[in-house]
Amino acid sequence: MTSTIDRITISGTALAAPVITPDRIAEFPVREDRSQREYLVRIPADDLRTFVSRDARVAVDGEAGWTVPGRSWRGEASRTILLAGSVHQGELALAA
C-alpha cells in the first residue's frame, strides 16, 4: 500500500451503486475515463447529494491516497481510495 496524498479531480463511470457502511460512509468504485484507473470513492453519506447508480457518469473531487490491492480470484483491480469532497453527475458538471 502507498500513503502519498494527492488532491485530484476525476471524471469517470461508477462501477456499482454506493454502499453505506455502518459508520455512515458511502463508498463505490469509479473507473476514470482517461487512465482507466479504478478508484474507491468514499464520502460521508450525508454529503452525497447526487444519485449514483451503476454506469452513471460522475465527476469527483477529493484526496487520493492509499491503494487497496485487488483480489485476483474475483477479477478485481487494485483501487486507490479517493476521499471525496464532492461528487457530481458527469453530464451536469459538463453542462454547467
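Everything quoted here is computed from the prediction, not taken from an experiment. All values below were derived from every heavy atom in this structure, side-chain atoms included, with hydrogens, water molecules and symmetry-related copies excluded.
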Of all heavy-atom pairs linking Arg57 and Ser11, the shortest is NH2-OG, 3.7 Å
Could you tell me the separation between the OH atom of Tyr39 and the OG atom of Ser78, rounded to the nearest 0.5 Å? 12.5 Å
For Ala14 against Val52, the heavy-atom pair lying closest together: CB-CG1, 3.8 Å
Find out whether Val60 and Ser86 are in side-chain contact, i.e. whether some heavy atom of one side chain is under 4.5 Å from a heavy atom of the other. no
Contacts of Arg37 meeting salt bridge (Lys or Arg N to Asp or Glu O under 4.0 Å) (sequence neighbours excluded), chain-then-number -> none
Side chain to side chain donor-acceptor pair (under 3.5 Å) partners of Asp61, counting only residues at least two apart: Arg7, Thr9
According to a hydrophobic-cluster definition based on side-chain heavy atoms being under 4.5 Å apart (Ile, Leu, Val, Met, Phe, Trp, Tyr only), do Val68 and Leu83 belong together? yes
Partner residues of Asp23 under the side-chain contact (heavy atoms from CB on, under 4.5 Å) criterion, sequence neighbours left out: Thr21, Ile25
Please name the pair of heavy atoms, one in Ile8 and one in Ala64, separated by the smallest distance, quoted to 0.1 Å. CD1-CB, 3.7 Å
Suppose we screen for side chain to side chain donor-acceptor pair (under 3.5 Å). Which residues come up paired with Glu38, at least two apart in sequence or across chains? Arg31, Arg79
Output for pair (Arg42 CZ, Phe28 CZ), nearest 0.5 Å, gives 12.0 Å
Partner set under side-chain contact (heavy atoms from CB on, under 4.5 Å) for Ile20, not counting sequence neighbours: Arg24, Ala26, Ala45
Can you find a heavy atom in the side chain of Leu15 that is under 4.5 Å from one in the side chain of Val30? no
Given side chains that start at C-beta, do those of Asp33 and Thr13 come closer than 4.5 Å, heavy atoms only? yes
Side chains of Thr80 and Leu40: closer than 4.5 Å at any heavy-atom pair? no
Does Thr50 have any side chain to side chain donor-acceptor pair (under 3.5 Å) partners at least two apart in sequence or in another chain, and if so, which? none
Could you pull out all residues at least two apart from Ser35 that satisfy side chain to side chain donor-acceptor pair (under 3.5 Å)? Glu32
